[in-house]
Amino acid sequence: QVQLVESGGRSVRSGDSLRLSCAAFGITFNFYTVAWFRQAPGKGREFVGSIDRSGRYTSYADSVKDRFTISGDYDKNTNDLLMNSLKPEDAAVYYCAAGHVGGQMIGGYQFWGQGTQVTVSS
């Protein structure tokens, strides 16, 4: 009955911006670290970024740092990933996740969304 639902994925052009959103049902985001991961075809799942339960601390992969921003709206129980200056290498299925442990490893997250696909054309 716990469900995370991502939305906002679509096909964009290189240099575009895109906002992905994750809505939580059955859990409250402010009790969890919330993270975004992505997986491109033929690649492993890659950590993108996370935000702690207080919303005070964020962490980003080097590949997206200074381009992507994670934010939480605790009143709406949602989490957003704002992606700027998108590059073809950003194309992937993006997943949101929530967990008590957090960190950059998938094992730190108990709950996962179904993913939303982002494609980036040159």
Side-chain angles (χ1 to χ4, degrees):
Q1 62 183 30
V2 173
Q3 188 174 196
L4 306 183
V5 181
E6 304 98 334
S7 61
R10 63 181 180 90
S11 180
V12 299
R13 292 178 292 183
S14 181
D16 283 356
S17 295
L18 186 65
R19 184 183 296 272
L20 305 181
S21 184
C22 179
F25 304 88
I27 61 170
T28 301
F29 267 154
N30 63 300
F31 287 99
Y32 297 86
T33 297
V34 181
W36 290 86
F37 290 77
R38 66 187 183 185
Q39 188 164 18
K43 302 287 187 177
R45 193 170 300 176
E46 176 189 28
F47 174 80
V48 175
S50 66
I51 187 167
D52 83 305
R53 57 190 285 177
S54 72
R56 188 174 302 166
Y57 304 103
T58 56
S59 180
Y60 300 96
D62 288 342
S63 59
V64 306
K65 192 175 187 297
D66 299 323
R67 295 191 298 121
F68 292 10
T69 303
I70 291 175
S71 61
D73 188 333
Y74 299 119
D75 290 334
K76 296 181 181 295
N77 202 27
T78 60
N79 184 277
D80 285 0
L81 177 67
L82 175 60
M83 303 181 290
N84 294 318
S85 302
L86 282 162
K87 305 174 181 179
E89 55 261 43
D90 294 318
V93 176
Y94 283 73
Y95 301 88
C96 69
H100 288 298
V101 176
Q104 299 188 1
M105 304 290 289
I106 62 172
Y109 299 89
Q110 303 161 259
F111 307 109
W112 293 81
Q114 80 290 347
T116 185
Q117 185 166 258
V118 175
T119 61
V120 185
S121 61
S122 301

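As the structure is a computational prediction, the values presented were derived from the model and not from experiment. One-based numbering along the sequence shown.
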Nearest heavy atoms of Ala92 and Arg38, plus distance in Å
CB-CB, 3.8 Å
Closest heavy-atom contact between Ser85 and Asp90?
O-OD2, 4.3 Å
Cluster overlap Ile106 with Ile51, hydrophobic side-chain contacts below 4.5 Å
no
Tell me whether Val64 shares a hydrophobic cluster with Leu82, the cluster being built from Ile, Leu, Val, Met, Phe, Trp, Tyr side chains joined at under 4.5 Å.
no
Qualifying residues under side chain to side chain donor-acceptor pair (under 3.5 Å), relative to Asn84, sequence neighbours excluded
Ser17
Closest heavy-atom contact between Cys22 and Trp36?
CB-CZ2, 3.7 Å
Who else is in the cluster with Phe25 when I, L, V, M, F, W and Y are joined by side-chain contacts under 4.5 Å?
Val5
Give a yes or no on whether the backbone of Ser50 and the side-chain of Asn79 come within a donor-acceptor separation of less than 3.5 Å.
no
In this structure, would Val48 and Leu20 fall into the same cluster of hydrophobic residues linked by side-chain contacts under 4.5 Å?
yes
Strictly distance-based, threshold 3.5 Å: is any side-chain N or O of Glu6 a donor or acceptor partner for the main-chain N or O of Thr116?
no
Could you check whether any side-chain N or O of Asn77 sits under 3.5 Å from a backbone N or O of Phe29, counting only pairs where one atom can act as donor and the other as acceptor?
yes
When you measure from the side chain of Tyr60 to the backbone N and O of Ile70, does any donor-acceptor pair fall under 3.5 Å?
yes
Between atom CZ of Arg10 and atom CG of Asp16, what is the distance when rounded to the nearest 0.5 Å?
6.5 Å
